[in-house]
Amino acid sequence: MIVLGIETSCDETGLAVYDSDRGLLADCLYSQVDIHADFGGVIPELASRDHIRKTLPLVKQVIGAAGIANSDIEGVAYTAGPGLIGALLVGATIGRSLAMGWNVPAIGVHHMEGHLLAPMLETDPPSFSFVALLVSGGHTQLVRVEGIGQYQLLGESLDDAAGEAFDKVGKMLGLPYPGGPHVAELARTGTAGRFEFPRPMTNRPGLDFSFSGLKTFARNTIIEHSEVEGGLDGQTRADIARAFEEAVVATLAIKCRRALEQTGLQSLITAGGVSANTRLREVLQAAMQKIDARLFYAQPKFCTDNGAMIAYAGCQRLLAGQTESLAIDAFPRWSLESLAAIS
Ligand code: KG4
Ligand code: ZN
């Protein structure tokens, strides 16, 4: 089955064509980062307007790149939530309308299910069951995954998501939006061990996270070192970035290991924007080796928002015969656990 995937939940317009026989045929992405950079964060109205401008030209582009005709498309998958309501409605409206015009089924995909299944696009995909660490700009969750749509939330952030904390600390360090990749880049030149940041909620049982205290710790360290003569020097900024990254990564790894021990499962997947972080991958890999477990993740471009994960997830659900009414609907808040299981 050939499925067109449309992702417009936030500040990236992602399109892809996935074929259940041949795999991913094409994908393309337009990032709005330049539009939002001046504001230091995503402006929802600007995001919606730009998705309107970009989605249809990208649909044409990705179908051309896949080397197929419109008439070859057998289903349309679009992100139906969670995300920014206006941005979601653009993808939902275009996706449903195209499907109606082409007389094929359409399906609204859960954005986090898309992320969760992105490692399935790799050449050595994980097999069920596994634990998923979902780390994006809006979510930090540990999920027990028995199959598509069979999700049990094991733990989640009680406040900021990991990506959100990266972005806020990036802002404090004067780095461009989104801060995550820039903090990671700066951390490379940081001195290990100069600052020791706390590992929140690791010395008590449970699988929940909290990153807002860590963010405050970073703020206080920045303020303290800005008050010296000459202000915050370049090396200190890098050292703070490194200590922060190390603390987030160590905290995530401790909880992942705990989740595997608790569930008795032997595979961990990590997905979502922060899973593109090289240091996180290294530390998780080392933690998994210690307990004879395997780690899976997607290539970096499919960790952050993209159309391929939506095309893939939608294709699996359409193949399983899942159908929906023609209503155009989007869900800014939507629980992963409420999704229907497919066999
Ligand atoms: O999954 P995603 O593209 O969008 C959401 O669904 O939120 O995740 C975006 C988040 C941002 O917070 C961004 O700063 C973070 O992922 N991110 C990173 C890295 N690349 C993206 N954080 C740390 N290190 C990275 N290399
Ligand atoms: Zn995302």
Side-chain angles (χ1 to χ4, degrees), residues 5-14 16 27 29-33 36-37 40-42 44 47 51 78-84 87-88 91 109-119 132-141 156-157 160-173 175-188 190 209 211 214-215 218 241-242 244-253 269-284 297-310 312-313 332-334 336:
I6 306 175
E7 156 61 37
T8 64
S9 68
C10 190
D11 59 347
E12 251 124 20
T13 319
D27 64 285
L29 185 89
Y30 168 77
S31 171
Q32 303 179 348
V33 67
H36 305 291
V42 179
H51 285 307
Y78 59 88
T79 306
L84 304 171
L88 290 167
V109 172
H110 191 293
H111 182 77
M112 297 314 290
E113 176 171 78
H115 276 306
L116 194 156
L117 296 175
L133 170 70
L134 304 179
V135 269
S136 69
H139 294 80
T140 300
Q141 297 180 322
E156 65 182 333
S157 179
D160 291 2
E164 189 180 356
F166 262 102
D167 294 343
K168 287 177 178 168
V169 169
K171 207 170 192 176
M172 291 174 205
L173 288 169
L175 297 168
Y177 177 84
H182 298 283
V183 171
E185 184 61 34
L186 186 60
R188 283 174 192 272
F209 304 92
F211 291 111
L214 194 51
K215 188 185 62 188
R242 177 148 185 166
F244 170 76
E245 180 182 57
E246 214 51 42
V248 173
V249 163
T251 304
L252 292 172
I269 71 114
T270 182
V274 183
S275 70
N277 185 284
T278 314
R279 186 69 188 135
L280 175 64
R281 292 168 173 218
E282 279 169 13
V283 172
L284 284 180
Y297 43 72
Q299 52 190 287
K301 72 169 178 173
F302 297 148
C303 289
T304 44
D305 291 350
N306 65 86
M309 65 185 196
I310 302 304
Y312 178 85
R333 297 176 71 83
W334 188 6
L336 199 55

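Order of appearance sets the numbers: ligands from 1, and atoms from 1 within every ligand.
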### Nearest protein heavy atom with distance in Å, relative to atom 10 (C) of ligand 1
Gly137 N, 3.5 Å

### Task
Could you tell me whether ligand 1 has any atom less than 4.0 Å away from a heavy atom of Cys10?
no

### Summary
Looking at His111, the N/O/S atom that lies nearest to the Zn ion (ligand 2) is called NE2

### Message
Return the closest protein heavy atom for atom 2 (P) of ligand 1 as residue, atom name and distance.
### Response
Asp305 OD1, 3.3 Å

### Task
Identify the heavy atoms of Gly272 and Ser136 that sit nearest to each other, and give their distance.
CA-CB, 4.4 Å

### Query
Are side-chain heavy atoms of Ile269 and Tyr297 found at a separation under 4.5 Å?
no

### Query
Considering only heavy atoms, does Glu245 approach ligand 1 within less than 4.0 Å through its side chain, its backbone, both, or neither?
neither

### Query
Just how far is it from atom CD of Gln32 to atom OG1 of Thr13, taken to the nearest 0.5 Å?
5.0 Å

### Message
For the backbone of Trp334 and the side chain of His110, can you confirm whether one donor and one acceptor N or O come within less than 3.5 Å of each other?
### Response
yes

### Query
Taking the Zn ion (ligand 2) as the vertex, how big is the angle to NE2 in His115 and OD1 in Asp305, rounded to 10°?
100°

### Query
Tell me: protein heavy atom nearest atom 22 (N) of ligand 1, and distance?
Gly180 CA, 3.4 Å

### Summary
One should read off an interatomic distance between Asn277 CG and Arg281 CZ, to the nearest 0.5 angstrom, of 8.5 Å

## Note on the structure
Value for CG (Asp27) from CD1 (Ile310), rounded to nearest 0.5 Å, stands at 13.0 Å

### Summary
So CG of Leu84 and NE2 of His51: to nearest 0.5 Å the spacing works out to 7.5 Å

### Task
Decide whether an N or O pair under 3.5 Å exists between Pro178 and ligand 1.
no

### Query
Considering distance alone, does some N or O of Gly273 sit under 3.5 Å from an N or O of ligand 1?
yes

### Query
Do His111 and Ser9 come close enough that some side-chain heavy atom pair is under 4.5 Å?
yes

### Query
For ligand 1, which atoms, with element, lie under 4.0 Å from some heavy atom of Gly138?
7 (O)

### Message
I need the atoms of ligand 1 closer than 4.0 Å to a non-hydrogen atom of His111, numbered in the order shown.
### Response
6 (O)

### Query
Just by modelled atom types, is the Asp305 backbone N or O under 3.5 Å from a matching donor or acceptor in the Glu7 side chain?
no

#### Entry: Atom indices of ligand 1, in the order listed, that fall short of 4.0 Å to a heavy atom of Gly163
12 (O)

### Message
Under 2.8 Å from the Zn ion (ligand 2), can any N, O or S atom of His139 be found?
### Response
no

#### Entry: Beyond-backbone contact of Ser157 with Glu164, side-chain heavy atoms, under 4.5 angstrom
no

### Query
Backbone or side chain, does any N or O of Gly179 fall under 3.5 Å from an N or O of ligand 1?
no

## Note on the structure
Going by the 4.0 angstrom heavy-atom rule, the piece of Thr304 near ligand 1 is both

### Query
Any idea which protein heavy atom is nearest atom 24 (N) of ligand 1, and the distance to it?
Asn277 ND2, 3.0 Å

### Task
Give the numbers and elements of all ligand 1 atoms closer than 4.0 Å to a heavy atom of His115.
1 (O), 6 (O)

### Task
Answer yes if the ring centres of Phe244 and Phe166 are under 6.0 angstrom apart, and no otherwise.
yes

### Task
Could you check atom 14 (O) of ligand 1 against the protein and tell me its nearest heavy-atom contact, residue, atom and distance included?
Asp167 OD1, 2.6 Å

